[in-house]
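Quick note: numbers below take in every heavy atom, side chains included, and nothing from hydrogens, waters or symmetry partners. All values reported here derive from a predicted model rather than from experimental measurement. Sequence lines set the chain letters: A, B, ... in the order given, protein chains first and strands last, and positions in each chain run from 1.
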Amino acid sequence: MFVQEVTKWYQINRRTLPWRNTNDAYIIWLSEIILQQTRVEQGLPYFYKFQERFKTVKEFALASEDEVLKLWQGLGYYSRARNMHATAKAVMEKHHGVFPTRYEQLLQLKGIGEYTAAAISSFSANEPHAVVDGNVYRLLSRFFGISTPIDSTQGRKQFKELAYELLKEAQPAEYNQAIMEFGAIQCKPASPNCAECPLSVNCVAFIEGIVNTLPIKTKKTKVKERFFNYLVFRNNNDLLLNKRIAKDIWQNMYDFPLIESANRLSEKELLISDDFKQLISTKSVIIKAVSEELKHVLSHQVIYAKFWELECNHQENSTMQNGFWVAEEELESYAFPKLVDNYLKKF
DNA sequence: AAGGCGGGGGA
DNA sequence: TCCCCAGCCTT
């Protein structure tokens with residue numbers, strides 16, 4: 001009953017999306033990685049950009065990581081872009097440039113976990129692997145009244161088993177699309193459309209009036225505060241950039257020489273700090289301006305950032321391993337985190 | 001098992 | 001504000 005109703009609803013209410021109605025595993029892979037933890041509306045323009053720039057997995061593999069990250073700029077979770085690039089190369093080397101469609105092979109590729117392997121293998125080859133994403137957790141927990149936390153090991157196991165059980169009576173490709181679409185459009189997280197829901201008569205959460213308490217999640221991410229003091233060195237038309245190579249946020253993207261402090265720094269505290277002296281090195285520098293404090297919120301940290309604009313009479317960066325000077329017109333080819341991009345747009 | 005990893009949108 | 005989004009990887 002559940003499977004039939006969800007499928008019937010889907011056939012009437014499905015959105016037309018550019019990655020549907022294809023069984024090209026490469027195109028489906030593009031869309032699935034972009035959509036991880038990302039709403040369709042937010043990912044859509046990126047899907048078009050990537051599809052246009054990289055017509056084939058070979059073109060993707062031949063690109064530079066810098067270019068891939070630049071295309072990905074603004075979408076977040078940048079490891080997705082780095083992993084995609086690695087996977088494109090692996091497909092060239094290990095699969096002769098033919099994107100695999102088998103679940104077990106897909107799982108071997110970077111950035112592809114159980115969900116994405118199930119999605120690609122079912123959509124491209126109709127393999128019977130159940131997708132279990134946020135939409136599926138929500139819909140199943142409500143309809144069957146399951147209160148096991150979805151972020152527990154037991155919960156993941158229970159929902160996965162149920163999803164696979166339901167898939168037995170279904171057409172994998174269509175039903176996997178259907179159950180996610182139903183969760184995204186009909187059984188939404190907040191204010192789901194229960195009044196017009198074809199499942200409501202049998203929905204445990206609806207009958208018991210606990211729709212908005214499900215699904216249950218136990219862990220909450222705690223947010224860390226960080227204080228960034230960016231030094232924007234300018235010499236005539238050139239700016240000093242930094243490549244972020246540390247194991248930290250925004251890996252392999254670009255920003256400016258950075259002094260991070262445990263708390264908010266006054267101008268005096270910044271100027272007398274050892275970090276500042278070290279970055280200045282032998283440069284003679286004039287402070288031209290300082291930006292307002294920009295607050296940048298990530299899911300797991302809040303960054304308070306100030307940009308110090310420094311006029312510099314000569315170029316040297318001996319104290320910075322990953323520093324290099326770039327002409328202002330060249331900035332557009334570097335991938336910047338949103339925080340830095342926001343600053344650059346103003347200045 | 002827990003924590004890290006972006007950015008945006010809805011209520 | 002808080003929560004969630006077509007999750008995955010490392011520790």
Need one value for [X]: base, sugar-phosphate or nothing, where a base atom within 4.0 Å counts as base even if backbone is also close, heavy atoms only.
X: K247(A); result: sugar-phosphate
X: Q251(A); result: nothing
X: L75(A); result: base
X: E41(A); result: nothing
X: D248(A); result: sugar-phosphate
X: K110(A); result: sugar-phosphate
X: G74(A); result: sugar-phosphate
X: R138(A); result: sugar-phosphate
X: W29(A); result: nothing
X: K219(A); result: sugar-phosphate

Of the listed nucleotides [options], the one nearest the side chain of [X]:
X: Y115(A); options: dC5(B), dA11(B), dC8(C); value: dC8(C)
X: K217(A); options: dG7(C), dC4(C), dC5(B); value: dC4(C)
X: R39(A); options: dT10(C), dG8(B), dA6(C); value: dG8(B)
X: Q36(A); options: dG7(B), dC8(C), dA6(C); value: dC8(C)
X: R20(A); options: dG7(C), dA6(C), dG7(B); value: dA6(C)
X: L35(A); options: dG7(B), dC5(B), dA6(C); value: dA6(C)
X: S299(A); options: dC4(C), dT11(C), dG6(B); value: dG6(B)
X: V40(A); options: dC8(C), dC5(B), dA6(C); value: dA6(C)
X: P189(A); options: dG6(B), dC4(C), dC9(C); value: dC4(C)

Worksheet item: Between K345(A) and D341(A), does at least one N-O distance fall below 4.0 Å, as a salt bridge requires?
Response: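 So K345(A) pairs with D341(A) through a salt bridge.
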Worksheet item: Got a salt bridge between E114(A) and K160(A), using NZ or NE/NH1/NH2 to carboxylate O under 4.0 Å?
Response: yes
[N] [atom2] sits how many Å from [X] [atom1], rounded?
X: I150(A); N: dG7(C); atom1: CD1; atom2: P; answer: 11 Å
X: Y46(A); N: dG6(B); atom1: OH; atom2: C1'; answer: 10 Å
X: K338(A); N: dG7(B); atom1: NZ; atom2: P; answer: 8 Å
X: K224(A); N: dC5(B); atom1: NZ; atom2: C1'; answer: 12 Å
X: M84(A); N: dC9(C); atom1: CE; atom2: C1'; answer: 16 Å
X: I303(A); N: dG6(B); atom1: CD1; atom2: P; answer: 9 Å
X: D133(A); N: dC5(C); atom1: CG; atom2: P; answer: 8 Å
X: L107(A); N: dG7(C); atom1: CG; atom2: C1'; answer: 13 Å

Worksheet item: If you find the nucleotide of DNA chain B closest to S79(A) and the one closest to S152(A), which residue's nucleotide is nearer the 5' end?
Response: S152(A)
Worksheet item: Closer to the 5' end of DNA chain B via nearest nucleotide, is it T221(A) or S191(A)?
Response: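 Final value for this comparison: T221(A).
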Report yes if the distance between the aromatic ring centroids of [X] and [Y] is under 6.0 Å, otherwise no.
X: W19(A); Y: F47(A); value: yes
X: F182(A); Y: F143(A); value: no
X: F60(A); Y: W29(A); value: yes

Sticking with atom [atom1], work out how far [N] lies from [M], rounded to a whole angstrom.
N: dA6(C); M: dG10(B); atom1: P; result: 13 Å
N: dC4(C); M: dG6(B); atom1: C1'; result: 13 Å
N: dT10(C); M: dG7(B); atom1: C1'; result: 22 Å

Does [X] have a side-chain nitrogen or oxygen under 4.0 Å from the phosphate oxygens OP1 or OP2 of [N]?
X: T116(A); N: dC8(C); answer: yes
X: W250(A); N: dG7(B); answer: yes
X: H300(A); N: dG4(B); answer: no
X: H296(A); N: dG7(B); answer: yes
X: Y137(A); N: dC5(C); answer: no
X: Q37(A); N: dG7(C); answer: yes

Worksheet item: For E196(A), does the CD atom sit with more than 12 other heavy atoms under 6.0 Å from it, leaving out its own atoms?
Response: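 Open: at most 12 neighbouring heavy atoms sit under 6.0 Å from CD of E196(A).
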Worksheet item: Do the numbers put R244(A) on top of the ring of Y254(A), so that NZ or CZ is under 6.0 Å from the six-membered ring centre and no more than 45° off the axis?
Response: no
Worksheet item: Mapping K295(A) and E32(A) onto DNA chain C by nearest heavy atom, which one lands closer to the 5' end?
Response: K295(A)
Practice prompt. State which residue, out of C187(A), P149(A), S147(A), P215(A), fulfils the side chain to side chain contact (heavy atoms under 4.5 Å, CB included) condition with S141(A).
Written response: P215(A)
Worksheet entry | Complement of dG7(C), any strand, by Watson-Crick or G-U distances under 3.5 angstrom | dC5(B)
